[in-house]
There are 2 protein chains.
Amino acid sequence: MADSKARQVTLRFIADELGLHVSTVSRVLNGRADDGARAASGDTATRVRRLAEELGYQPDPHGSGLRTGRSKLIGVLVPRLSDLVLAMIYEGIDEAAGELGLATITANSRDDEETRRLRTRMLLARRVEGLIFGDASLDSGFLDRLAADGTKFVLVNRRAGDHPAVTADDRLGGRLAAEHLLALGHVDAAVIAGEPYASTGVDRTAGFVGLYRERGLPAPRVLHSPFDTAGGRAAAETLLADADRPTAIFAVNDFAAIGAMGAARDHDLTVGRDIAIMGYNDTPLAAELPLPLTSVAVPVREIGRRALVLLSRLLAGDEIESERLAPTLTARASTGADT
Amino acid sequence: MADSKARQVTLRFIADELGLHVSTVSRVLNGRADDGARAASGDTATRVRRLAEELGYQPDPHGSGLRTGRSKLIGVLVPRLSDLVLAMIYEGIDEAAGELGLATITANSRDDEETRRLRTRMLLARRVEGLIFGDASLDSGFLDRLAADGTKFVLVNRRAGDHPAVTADDRLGGRLAAEHLLALGHVDAAVIAGEPYASTGVDRTAGFVGLYRERGLPAPRVLHSPFDTAGGRAAAETLLADADRPTAIFAVNDFAAIGAMGAARDHDLTVGRDIAIMGYNDTPLAAELPLPLTSVAVPVREIGRRALVLLSRLLAGDEIESERLAPTLTARASTGADT
DNA sequence: TTCCGTTACCCAAACGTTTGGGCCAAACGT
DNA sequence: ACGTTTGGCCCAAACGTTTGGGTAACGGAA
């Protein structure tokens, strides 16, 4: 592959143009105007900065990276970017990275162990300075080994082992969902719990079921399924085909809830009247559905941003701690609230 | 920021361990087992490969990139990754890139000219070998200047100017939509056309309106709006508030169609009976909505993949041509079809 | 035995940038 | 006038990898 762009300007070119040494040009451009130990006289520094600006000089990351050992790259693993929640989390990560002069490389692991391993290896080959995992499995073996190797990483959205993570308070979120449905009189409820390997589904389910138990009520039925709409639909079909069908369904994410709404319709049930259905994450879609979806709202972009900030502090040698952001409930027509 | 990972193995380390020169190790690892001009004897080559494998040697992109002038990185600009269609296109790009030993860096431009300019500059500073723009504006001034500078790029999903692009055949897609609605007797139709700066909305609208004109029918009303669900809802509100409201609405993307369905419901219209509503792109959501959405299906991942392949050929010095992938119609309940 | 071709390596330098250290000249203080 | 300090630069080498070129040793043929 040939050189794909206009020749970029080098320090040497600027140095030759100004009759200076490359090290002087480098020091000027990397120092600050008020540096105590000056690289050059004010006059010379001005000439350097002016010419560099004029020529659009941008350092070659290969050269500086080789010398400094810094790539200024962060690797981000997600199950798949076409999962809306992860895409939004990634936007938060990307934004925060940009503010710190870092760039991110993403990789989709599809929640597959081997893919995760291969893509992590690819990212490390890229000499990323740290990693953010949005696809952690509760079986944290892979992450344990990575940590033992000295690799710096932070988890986002899901937790695993005792690795630092930025998540929502998913137990509280599940509890909020339970409070909402119980307040509407739904004693017979069920949970579409997502995948058992993800802390998101497990924690949200635990919070939900926990409140029912505290109230001395029969434990809601819990069904695991893929996180997508098809998975939610299939689980709801199972629940609704039962003679003892629930009067309410809590799906641990919005897409599954959307699938469940489709199944309810197929059973000639009016969502919001005959049956209550709610989701989690309050994606932008939830409010805009033909029948707006009740959902537990989570500041996903903020979660992404916090994860990047936490990682940067870890890389700076600081001690860091996991963070859990508070969810809130947004009631809408799918559980009978007027929107 | 301190070194974030276990010390990586270098060529020098392997060379010293085996009593060889680094250039020999490099030639062995970069050559193929059946190379005519061999870098080393079969015995030596085996020892090198074995030790490199054992130590998990991965070349430092800084070193090799500096020497070869190749970053093996591709930059991808999208309006925003939380737009499901773009995320799926990106998955196709990413997959194809991985197969060619390339990695991608994405950037969100939010369809903002200044952001696009800044993020393109960031990507070029990263020495990406080429760019894929998924956010092209029909005013191709920015892209024209970039091409004039010798920057190699390909457009994806949207076209602009005469720059090489991989898109769906959006005029045909709009035409398919019109055929579908006319076959159902919808003479009074309207279009929620998305943003006027994007070829996607413009071409789909042109195809749709064109068929009505060919049939000697009154041209459908065309409303521009943001591509998201809120934009679709607002546009549909406008259409449905009119005394002469249409019996059918073609929204140029699924999310806008979802928003329009919400507006129809608010007007006590039963979608699929009182009014037909359809979308475009046939995202995985379309089929799974409580009321499945009729949509023009487009192979989005394949579009992404083709774009990467086209770019790699451009970078290899080949002559390339734009590609347009064929859409198909998927009828569902939102236009009255039984699913 | 000598000569030639082939094999199997090594040498050297390039790439762009950063950073430790050094040198020279001018200014300042005694 | 001489010694010290400070300002303003330059020198050199490091980082990891790749690639053009060279050479010593070996084997085979004349």
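Convention: sequence-line order gives letters A, B, ...; per-chain numbering from 1. When reading the values below, keep in mind they use all heavy atoms of this one structure, side chains included, and skip hydrogens, waters and symmetry mates.
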Quick one: is [X] getting a side-chain N or O under 4.0 Å of the [N] phosphate, OP1 or OP2?
| X | N | result |
| --- | --- | --- |
| B/Thr24 | C/dC9 | no |
| B/Thr44 | C/dC9 | yes |
| B/Asn30 | D/dT17 | no |
| A/Tyr57 | C/dG16 | no |

Handout entry: B/Glu319 atom CD, over 12 foreign heavy atoms within 6.0 Å
Key = no

Problem - Net bend of the helix from C/dT1-D/dA30 to C/dT30-D/dA1, end axes of five pairs each, nearest 10 degrees - result: 60°

Problem - Test salt bridge (Lys or Arg N to Asp or Glu O under 4.0 Å) applied to B/Glu323 - qualifying residues, sequence neighbours left out - result: B/Arg306

Problem - Residues which pass salt bridge (Lys or Arg N to Asp or Glu O under 4.0 Å) with B/Glu99, listed by chain and number, not counting sequence neighbours - result: B/Arg305

Exercise for the section: Select base, sugar-phosphate, or nothing to describe what B/Ser64 touches, counting heavy atoms under 4.0 Å on all strands. Expected result: sugar-phosphate

Round to the nearest Å and state the distance from [X] atom [atom1] to [N] atom [atom2].
| X | N | atom1 | atom2 | value |
| --- | --- | --- | --- | --- |
| A/Arg127 | D/dG16 | CZ | C1' | 9 Å |
| A/Leu11 | C/dG16 | CG | P | 10 Å |
| B/Lys72 | D/dG16 | NZ | C1' | 14 Å |
| A/Phe13 | C/dT17 | CZ | C1' | 17 Å |
| B/Arg12 | D/dG16 | CZ | P | 9 Å |
| A/Leu18 | D/dC9 | CG | C1' | 14 Å |
| A/Asp60 | C/dT18 | CG | P | 10 Å |
| A/Arg126 | D/dT17 | CZ | P | 14 Å |

Problem - Those residues that, when tested against A/Phe153, pass ring-ring contact (aromatic ring centres under 6.0 Å, His included) (two or more places apart) - result: A/Phe133, A/His163

Practice task
Could you tell me whether B/Glu53 and B/Arg50 make a salt bridge, using a distance below 4.0 angstrom between a side-chain N and a carboxylate O?
Solution key: no

Problem - Under the side-chain hydrogen bond (donor to acceptor under 3.5 Å, both in side chains) test, residues paired with A/Tyr197 that sit two or more places apart - result: A/Asp111

Fill in the blank from the handout: By side-chain hydrogen bond (donor to acceptor under 3.5 Å, both in side chains), B/Ser82 pairs with (sequence neighbours left out) A/Glu91

Side-chain donor-acceptor contacts of residues 14-22 of chain B below 3.5 Å, not counting sequence neighbours, with atom names and distances?
from	atom 1	to	atom 2	distance (Å)
B/His21	ND1	B/Ser23	N	3.1
B/His21	ND1	B/Ser23	OG	2.9

Handout entry: Listed once per pair and sorted, the side-chain hydrogen bond (donor to acceptor under 3.5 Å, both in side chains) pairs that draw on residues 130-142 of chain B, sequence neighbours left out
Key = B/Ser109-B/Asp135, B/Arg116-B/Asp135, B/Ser140-B/Asp144

Look for any protein N or O under 3.5 Å of an N or O in nucleotides 11-15 of chain C and output each such pair with its distance, or none.
from	atom 1	to	atom 2	distance (Å)
C/dC11	N4	B/Ser23	OG	3.0
C/dA14	N3	B/Arg67	NE	3.0
C/dC15	O2	B/Arg67	N	3.4

